Amino acid sequence: MGAATRFVSTFITLALLGTLLHGPWGAAPANAASTAFTRWVERMWPLARNKGVTRETFTLAFSGVKPDPEILERAERQPEFVTPIWDYLAARVSEKRIAKGREMLREHGPLLRKIETRYGVGRYILLAIWGMETTYGQFMGDKNVIRSLATLAYDGSRRKFGRSQLLAALQILQRGDITPAKMTGSWAGAMGHTQFIPATYNAYAVDFTGDGRRDVWGSRADALASAANYLKVSKWRPGETWGYEVDLPKRFDYALSGRKRIKTLAQWKALGVKRARGLDFPRPGDRASIILPAGANGPAFAIINNFRVLLRYNNATSYALAVGHLADRIRDPGATGFSKPWPVDYLPLARGERFELQRLLAARGLLRGKIDGVLGTGTRAAVRAYQKISGMAVDGYPSVVVLKHLAHAAADRRKRNPR
């Protein structure tokens, strides 16, 4: 390398470093928060370099980037986890979305058949995912993906997720599939027609059109084929459904419900579980779990393998149920809603109520461990234990009704045993 070349290289390196150290505004940051973020960005550089990202790509990606306060607000109120499931389904499996899905089937039928042939994933499921994620491409998100993920990685409760996805996003830019300006998506960094997060994109996105780019933003073919490839690799079973609505016997043992309790459909049938509307199970040997998304008072479902695969796409029961139901409604014009109504009085808990529920359960000696607001298996087991001693249906559903019952019981105990 000649002296002139070394000089130019050194000058460019110093200029790029100055952009990062002094921020995207061309001068020293105006406040401590900006300075802290700029220093944090610089600390990300060695991690990005280890992933094969060049300094030029790194600097261009962060040009003009600063934290987005809306991102952290959105992270605390994801609809899959805070919206009552009946409202979630009503909004997403609407007559308008069903009709649009059938329209997309007519318009893109040949493409969907090609994808189904190659990957073994049915066209109706792909349409349902497309409809759920972006209303068939009508809104794919307008957030800068680097900014969104940098915000999550820098602050809040999802730093680990944000950092891993940010590095994956930088790798996408390095590969040249998209430019920083066009790399838009949701608040959590999900991108394109079928909303792939960057790590999933890197692992499973495909170039179905053969143009040398995996373009989930501008190519419906690449996006839908990428979703199909992801489901296939996740062990999707061709020709099978996601599950069935079921009727439970009057004395059903609700302790048998939950994703971890698995029996064949024939074994469930022997326990009195029947498919809703008097229909039969087409494959009695399928291994299934019974889930009660709204507790004992709402619809019950026997979920099989493909439901679990949908959870790989989005690990929320409400999401997987909505995708399966939307696919059924697009496929069958005669299909309707579920046979059993939702118990709209049994509202799910808001964030503060989840903490309060755990505190009350812990005070009764029914819950051990961290009070974190996460209603996992431990909390649900504690709810079942409380329901059992209180004469309630032992379904483990942490509803407002259970919280009120606990609160009233705690108040009564304080009256009987004042300190």
Side-chain angles (χ1 to χ4, degrees), residues 75-90 157 245-261 268 271-273 289-303 315-319 321 338 340-419:
E76 295 298 326
R77 48 185 174 86
Q78 290 178 253
E80 292 90 344
F81 301 104
V82 301
T83 305
I85 190 168
W86 45 89
D87 290 338
Y88 182 89
L89 286 166
S157 61
E245 185 185 4
V246 295
D247 295 327
L248 303 179
K250 289 183 179 180
R251 295 185 179 180
F252 180 74
D253 181 1
Y254 291 104
L256 296 176
S257 65
R259 288 190 228 162
K260 293 184 178 180
R261 303 281 189 166
W268 285 120
L271 292 174
V273 177
S289 300
I290 303 298
I291 62 168
L292 308 162
N297 294 289
F301 303 92
I303 57 169
N315 192 26
T317 296
S318 56
Y319 175 86
L321 184 60
F338 302 120
K340 188 172 182 178
W342 294 102
V344 295
D345 293 333
Y346 282 72
L347 294 172
L349 301 175
R351 186 170 186 272
E353 291 173 326
R354 296 198 293 270
F355 281 92
E356 181 62 15
L357 176 79
Q358 290 180 324
R359 282 193 288 268
L360 290 169
L361 289 169
R364 294 292 296 264
L366 300 173
L367 179 66
R368 295 178 177 83
K370 188 178 179 181
I371 306 298
D372 56 7
V374 178
L375 304 182
T377 55
T379 300
R380 292 180 183 273
V383 169
R384 287 192 182 95
Y386 178 74
Q387 290 171 326
K388 185 174 182 178
I389 63 177
S390 302
M392 305 173 74
V394 188
D395 58 10
Y397 179 57
S399 68
V400 171
V401 171
V402 173
L403 176 59
K404 287 181 177 179
H405 200 287
L406 266 167
H408 289 155
D412 289 342
R413 292 178 73 186
R414 285 194 297 269
K415 289 179 181 178
R416 292 194 302 268
N417 302 293
R419 292 183 179 180

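Values in this document were obtained by computation on a predicted structure and should not be read as measured data.
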For a 4.5 angstrom cut-off between non-hydrogen side-chain atoms, does Leu361 reach Leu406? yes

Flag, side chain of Arg261 to backbone of Leu256, donor-acceptor distance under 3.5 Å: no

So CG of Asn315 and OG1 of Thr317: to nearest 0.5 Å the spacing works out to 7.5 Å

In the structure I gave you, are the side-chain heavy atoms of Val374 and Thr379 within less than 4.5 Å of one another anywhere? no

Is there a side-chain contact between Ser289 and Lys260 (heavy atoms, below 4.5 Å)? no

What pairs of residues pass the side chain to side chain donor-acceptor pair (under 3.5 Å) test when at least one of them lies in residues 382-393, not counting sequence neighbours? Tyr386-His405, Gln387-Asp395

Nearest heavy-atom contact between Ser318 and Leu89 is O-CD2, 4.4 Å

I would like to know whether Leu248 and Val273 meet side chain to side chain contact (heavy atoms under 4.5 Å, CB included); could you show each step before the answer? CA-CA 5 Å; Leu248 303 179; Val273 177; 4.0 Å; yes

Measure the acute angle between the ring planes of Trp268 and Phe252, then classify it against the limits of 30° and 60° as parallel, tilted or perpendicular. tilted

Measure the spacing between CG of Asn417 and CG of Asp412 and express it to the nearest 0.5 Å. 11.0 Å

Smallest heavy-atom separation, Arg259 atom then Ile303 atom, equals CG-CD1, 4.0 Å

Looking at side-chain heavy atoms only, is the closest gap between Pro343 and Trp86 below 4.5 Å? yes

Audit row: Phe338, Leu321, side chain to side chain contact (heavy atoms under 4.5 Å, CB included) steps and yes/no: CA-CA 11 Å; Phe338 302 120; Leu321 184 60; 4.1 Å; yes

Shortest non-hydrogen contact between Ala296 and Ala393, atoms and distance: CB-CB, 4.0 Å

Tell me the closest heavy-atom pair linking Ala294 and Ile85, and the distance in Å. CB-CG2, 4.4 Å

Salt bridge (Lys or Arg N to Asp or Glu O under 4.0 Å) partners of Glu356, counting only residues at least two apart: Arg359

Look only at the side chain of Gln358 and the backbone of Gly369, and say whether a donor-acceptor pair between them is shorter than 3.5 Å. no

Pro249 and Gly272 have their tightest heavy-atom pair at CD-O, 3.4 Å

Separation between CG (Leu347) and OG (Ser399), nearest 0.5 Å, reads 8.5 Å

With a 4.5 Å limit on heavy-atom distance, are the side chains of Val402 and Tyr397 in contact? no

Heavy-atom pair with the smallest gap, counting every atom of Ile371 and Phe355: O-CE2, 3.6 Å

To the nearest 0.5 Å, what is the distance between CH2 on Trp342 and CG on Asn297? 12.0 Å

So Leu357 and Glu353, do their side chains get closer than 4.5 Å, heavy atoms only? no

Does Tyr254, at its OH atom, have more than 12 non-hydrogen atoms belonging to other residues, nucleotides or ligands within less than 6.0 Å? yes

